[in-house]
Each structure stands twice: as structure tokens, then as C-alpha cells.
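Working notes, structure below.
Lettering of chains follows the sequences in order, A, B, ..., and the numbering in each one begins at 1. Bear in mind that the values here come from a model prediction, so they are computed numbers and not experimental data. Computed over heavy atoms, backbone and side chain alike; hydrogens, waters and symmetry mates excluded.
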Amino acid sequence: MDLTDRFWFLILGCCIGFVLGYVVRLLQTIEKEVEEIKHKDDPDYIPEKKEEVKKLKRRSWKWPTWLTFNRIAVALVVYLTAVAAWQAQQAVNKFEEAQQASVEDRCEAGEALRDAVRSTVEAVYKLAIGAAERKENDPPLTAKEAVQYNDYISRVNTFREVQYANLQPTPECAPYVDDFGKKPPTPPYPLYELSK
Amino acid sequence: MLKEWQFNVLFFVGVGGAILLLIGPEIGLSIGSNPTAVTGVGAILTYVLTQKKSLTTNGSKPKEETDNGSDR
């Protein structure tokens, strides 16, 4: 959730709280005015005294007043909001951990697969080079044979380089694997040089 | 009933928590935010602010209670 979303959710919460507070204050005001109207002909009635009587009644542990239920309801709402937020955050944390573990497993599996493919590429390269390998006693090549020979060697070397270049992990997996930018284990087979 | 300075301290702690929820992830805190927490904090803080007069006492000032009637 980005900053803008959090801001608007906070504004929404403030609106809800403001409306609730306004409704509660309105009800409290109406209650007081009703009490005043009820006791308007009673010269001995004092609203402040009614508050003191209420407090005394609370201390004597009689039935809870509307105010007590109001406070309990507010405390319950606060508690439930906190519990819901805590549990939601725990669920999000667990999901992120599972996702992270899944990414690491996928990257490690990809590395094992790439290593197997590289082994195959090396085996093919060795076979291809072995077929064209020249020994010391071999007669020298003519110019035309040298061109054909070097063309073949270049194509085999390029094959290996291209395969290694394609066998790279994604940038997402780069922190979790060791074969990022891996090069062939041996240098390219040298080309034939015509003796002058 | 709280004294006014106690209410102010608690309220500003709540406001600090709301600000932390709002900008925490932006400044690198792994605090996380979810809609329920942010909405709930905003609702509770605003509700408590609207009920300040009934939650606090400035000593014996019962006239402030009757003044609420003129706030409508």
C-alpha cells in the first residue's frame, strides 16, 4: 500500500470518527436538554448534582449506566481494531516469507538446471574440437584448408560462447545464485596459423 | 476522567503513532501498514478528539458541560 492509499484510508478513518463523535455529542446534548425540560418546574434540580449522584451510584456497584456501556463499546472497538490489524499484519508477513522462500527455491533449481546444460555444452564442445584437433606430426594445411579449418573452429568456439551467454540467471535471482556471469572453464581453441 | 494535560499527552502519542503508520514505510521502517490499522487509528483519534470535553476535567468547571448544548 503506497503513501497515497494510506493517506486516504487515514482520512476515511477521521471522517468515520468525526461522524461517530458528532452523533454521540448530539445524543448527549439531547439527553441533557430532555433532563432540563423534565425538571424545569423543579427549582431544586441542579444538573451538576445529578452528575455527582451518578458518580455515587457508580461507586455503589449498582447496574451499569449507559455511560459504562458506551465506554465498554469504545474499548471493545479499539481492541477489535487492534487485533484485526495485528492479525492482518501477521498474515502479510507470513505470505511475504513464503513468497521469498519460493523465489529462493526457484532460483536454486534454475541454477542446477543451468549447470546441467553447461555440462552438456562442454561435452559437445570437446567432441567437436576433438574431431578437428591437430597433432604435431600432422602435415601443414594449405591456405584453402586453413580457411575451412579456422571457420569450423570459430563456429565451435562461438557456439560455446553463445550458450554460456544465454545460460544466465534473471536479475531477480542474481543475489541467490553463484553462476551469474559464469564463463567457460577453458579458453577458446586456437585458430590455425599459416606458416610463412 | 483525565486531566487536560494527560489527555493532550495521550492524544499526541496517538498522533505520533498515526504519522508513523503513514510515513514509516517511506523512511525505511519495516512497520507495514494495512487499511484496517490506518482507518482504525484515524477513527479512534478523531472520535477521542470530539469527546475531549466529556473525557477531561479542568478542575471544577461544570459550566463547560452545559456549554456543549450551544455547540449544535
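- Hydrophobic clustering, defined by side-chain heavy atoms of Ile, Leu, Val, Met, Phe, Trp and Tyr closer than 4.5 Å, groups A:Val103 together with A:Tyr176.
- Heavy-atom neighbours of chain A within the stretch residues 44-51 of chain B, taken at a separation under 4.5 angstrom, comprise B:Ile44, B:Thr46, B:Tyr47, B:Thr50, B:Gln51.
- Cluster membership for A:Ile129 and A:Val121, using ILVMFWY side-chain heavy atoms within less than 4.5 angstrom, is not shared.
- For A:Glu193, the CD atom is loosely surrounded, since the number of other residues' heavy atoms within 6.0 Å does not exceed 12.
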Which donor-acceptor pairs under 3.5 Å do side chains of residues 80-87 of chain A form with protein atoms, sequence neighbours excluded?
| residue | atom | partner | partner atom | Å |
| --- | --- | --- | --- | --- |
| A:Thr81 | OG1 | A:Val77 | O | 2.7 |

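- Contacts classified as disulfide (SG to SG under 2.5 Å) and involving residues 134-186 of chain A (residues at least two apart or in different chains) are given here: A:Cys107-A:Cys173.
- Chain B forms the most heavy-atom pairs under 4.5 Å with one residue out of A:Asn93, A:Val78, A:Val19, A:Val92, and that residue is A:Val78.
- Environment of OH in A:Tyr152: crowded, with over 12 heavy atoms of neighbouring residues, nucleotides or ligands closer than 6.0 Å.
- Just one residue in the list B:Ile23, B:Thr39, B:Leu22 forms a side-chain contact (heavy atoms from CB on, under 4.5 Å) with A:Arg6, and that residue is B:Leu22.
- A:Trp8 and A:Leu12 fall within a single hydrophobic cluster, where Ile, Leu, Val, Met, Phe, Trp and Tyr side chains are chained together by heavy-atom contacts under 4.5 Å.
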